[in-house]
Amino acid sequence: MLEVSHYTKKYGKTVACRDITFTLPDGSVTVLLGPNGAGKSTLMKGIIGFLRFEGRILVNGRPNTAPESRREIGYIPEIPSFYPNLTVAEHMEFLARAYELEDYADRAQELLERFGLAEQRKKLGSELSKGMAQKLNICLGLFTQPTVILLDEPFIGLDPHAIKELKSTVERLRAQGATLLISTHIIDSVDMLWDRTIVMRRGEVAADVSREELDADGGTLERLFFSVTEDGAGMREEG
């Protein structure tokens with residue numbers, strides 16, 4: 001479970017996020033939408049613990065900065081960043097040692113096979129194509145078996161097979177009780193995955209709607225997005 005209460009982030013006099021509050025239950029997929037500058041990335045970075053902020057964020061009942069919480073959070077950033085001189089396999093091993101994982105070899109192999117990287121185990125970080133880098137990014141984000149997972153533009157750069165695999169993985173994780181928050185501009189990529197959507201505009205929550213509510217109104221995710229952002233959006237940060 002992820003609880004965000006009155007989250008506010010300021011950069012000097014500029015307010016990037018203002019008084020954001022929501023609770024995401026176990027076994028749910030929430031889509032975070034909003035144009036560039038809406039505050040999505042600032043929110044994500046606050047949840048993962050990269051930023052200081054006003055308000056409170058709890059991960060499974062604990063502050064998000066607690067050591068136990070950090071082990072429960074998985075983060076798949078929009079822009080992968082790897083050690084250029086480590087291979088794909090060594091990146092997995094490095095993370096396993098950092099988290100003091102035991103008996104992780106089979107888990108690592110399973111993820112690499114699932115996302116088509118098993119034959120690229122010996123490739124260096126500096127040798128990875130954009131698509132390979134995104135696949136490794138996903139593998140690393142899921143490797144520690146987190147219960148709260150943040151995915152920032154996870155479909156960018158993926159081939160159709162990897163997109164299908166990631167969608168299946170999201171559905172499987174939800175069935176296992178994980179809490180997933182997916183930030184994306186590609187609305188079609190998540191159209192059948194989500195249980196709830198939060199649309200941000202100018203650093204604030206402009207809409208917070210469940211799939212059932214939207215279906216009852218006969219709406220679509222795309223129409224909802226444009227209805228609350230069509231006049232242009234916030235200017236505060238790259239979202």
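- Between Tyr104 and Tyr99, the distance from one ring center to the other does not fall under 6.0 angstrom.
- Under the 4.5 Å side-chain criterion, counting only non-hydrogen atoms from C-beta, Asp26 is in contact with Asn60.
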Side chain to side chain contact (heavy atoms under 4.5 Å, CB included) between Leu32 and Ile182, worked out: CA-CA 6 Å; Leu32 182 64; Ile182 304 174; over 6 Å; no
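- No continuous path of ILVMFWY side-chain contacts below 4.5 Å connects Met132 to Leu86, so the two sit in separate hydrophobic clusters.
- Residue Gly27 comes nearest to Asp195 through the heavy atom pair O-OD2, 4.3 Å, listed as atom of the first residue, atom of the second, then distance.
- Taking Thr169 as the reference, Arg114, Phe115, Leu142, Glu165, Arg172, Leu173 meet the side-chain contact (heavy atoms from CB on, under 4.5 Å) condition, with sequence neighbours excluded.
- Not a single donor-acceptor pair under 3.5 Å links the side chain of Gln109 to the backbone N or O of Ala118.
- Salt bridge annotation for Asp152-Lys40: absent, with no cationic side-chain nitrogen under 4.0 angstrom from a carboxylate oxygen.
- Closest approach of Ala162 and Lys135 over heavy atoms only: CB-CE, 3.8 Å.
- From Glu113, atom CD reaches atom CG of Asp106 across 9.5 Å, with rounding to the nearest 0.5 Å.
- For the pair Phe53/Asn64, a side-chain contact is recorded, criterion being any heavy-atom separation below 4.5 Å from C-beta on.
- Linking Ile, Leu, Val, Met, Phe, Trp and Tyr whenever their side-chain heavy atoms come within less than 4.5 Å puts Leu111 and Leu101 in one cluster.
- Applying the side chain to side chain donor-acceptor pair (under 3.5 Å) test to Gln120 and every residue at least two apart in sequence or in another chain returns nothing.
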Steps toward side chain to side chain contact (heavy atoms under 4.5 Å, CB included) verdict (Leu158, Ile138): CA-CA 10 Å; Leu158 295 182; Ile138 293 168; 3.8 Å; yes
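- Considering every non-hydrogen atom in both Met200 and Ile20, the closest pair reads CE-CD1, 3.4 Å.
- In this structure a side-chain-to-backbone donor-acceptor pair under 3.5 Å is present from His91 to Tyr83.
- At least one test fails for Lys9 against the ring of Tyr7: distance under 6.0 Å to the centre or angle within 45° of the axis.
- Between the side chain of Ser69 and the main chain of Pro63, a donor-acceptor pair closer than 3.5 Å is present.
- Of the possible polar contacts, none joining the Asp208 side chain to the Ile198 backbone as a donor-acceptor pair under 3.5 Å is found.
- Of the possible donor and acceptor atoms, none in the side chain of Thr87 sits under 3.5 Å from a partner among the backbone N and O of Lys122.
- Leu136 places none of its side-chain heavy atoms less than 4.5 Å from the side chain of Pro80.
- Of the possible donor and acceptor atoms, none in the side chain of Thr23 sits under 3.5 Å from a partner among the backbone N and O of Glu3.
- Interatomic distance, Leu180 CG to Glu171 CD, rounded to the nearest 0.5 Å: 11.0 Å.
- Between the CG atom of Leu2 and the OG1 atom of Thr179 there is a distance of 7.0 Å, given to the nearest 0.5 Å.
- Ile156 CD1 to Ile186 CD1: the interatomic distance, rounded to the nearest 0.5 Å, is 5.0 Å.
- With values rounded to the nearest 0.5 angstrom, Phe143 atom CZ is found 10.5 Å from Glu110 atom CD.
- A donor-acceptor contact under 3.5 angstrom links the side chains of Gln134 and Asn137, judged on distance only.
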CA sep, side-chain torsions, deciding dist, call: Phe155, Val190, side chain to side chain contact (heavy atoms under 4.5 Å, CB included): CA-CA 9 Å; Phe155 298 100; Val190 293; 3.7 Å; yes
Candidate pair Glu93 and Arg97, rule salt bridge (Lys or Arg N to Asp or Glu O under 4.0 Å), full reasoning: CA-CA 6 Å; Glu93 182 176 355; Arg97 291 178 181 273; 2.9 Å; yes
Verdict with reasoning, Arg196 to Ser28, per side chain to side chain contact (heavy atoms under 4.5 Å, CB included): CA-CA 8 Å; Arg196 174 182 180 181; Ser28 65; over 6 Å; no
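- In this structure Lys164 satisfies the side-chain contact (heavy atoms from CB on, under 4.5 Å) test with no other residue, sequence neighbours excluded.
- Between Leu221 and Leu33, the closest side-chain pair of non-hydrogen atoms falls below 4.5 Å.
- Around atom CG of Asp103, no more than 12 heavy atoms belonging to other residues, nucleotides or ligands sit under 6.0 Å away.
- Residue Met1 is not grouped with residue Met44 when hydrophobic side chains (ILVMFWY) are merged at heavy-atom distances under 4.5 angstrom, including chains of intermediate members.
- In this structure, Pro146 and Gly141 approach most closely via the heavy-atom pair CG-O, 3.6 Å.
- Here the shortest heavy-atom pairing between Ala207 and Leu224 reads CB-CD1, 4.2 Å.
- The hydrophobic cluster containing Leu51 also contains Phe22, counting ILVMFWY residues as joined when their side-chain heavy atoms lie under 4.5 angstrom apart, directly or transitively.
- Considering only heavy atoms from C-beta on, Val88 comes within 4.5 Å of Leu128 through its side chain.
- Panel note: side chain Thr65, backbone Gly49; no donor-acceptor pair is recorded below 3.5 Å.
- Each of Leu58 and Ile48 belongs to its own hydrophobic cluster when Ile, Leu, Val, Met, Phe, Trp and Tyr are linked at side-chain heavy-atom distances under 4.5 angstrom.
- Once rounded to the nearest 0.5 Å, the distance linking CD1 of Ile149 with CG of Leu181 reads 11.0 Å.
- Side-chain polar atoms of His6 and Glu54 form no donor-acceptor pair below 3.5 angstrom.
- Closest approach of Leu193 and Arg211 over heavy atoms only: N-NH2, 3.8 Å.
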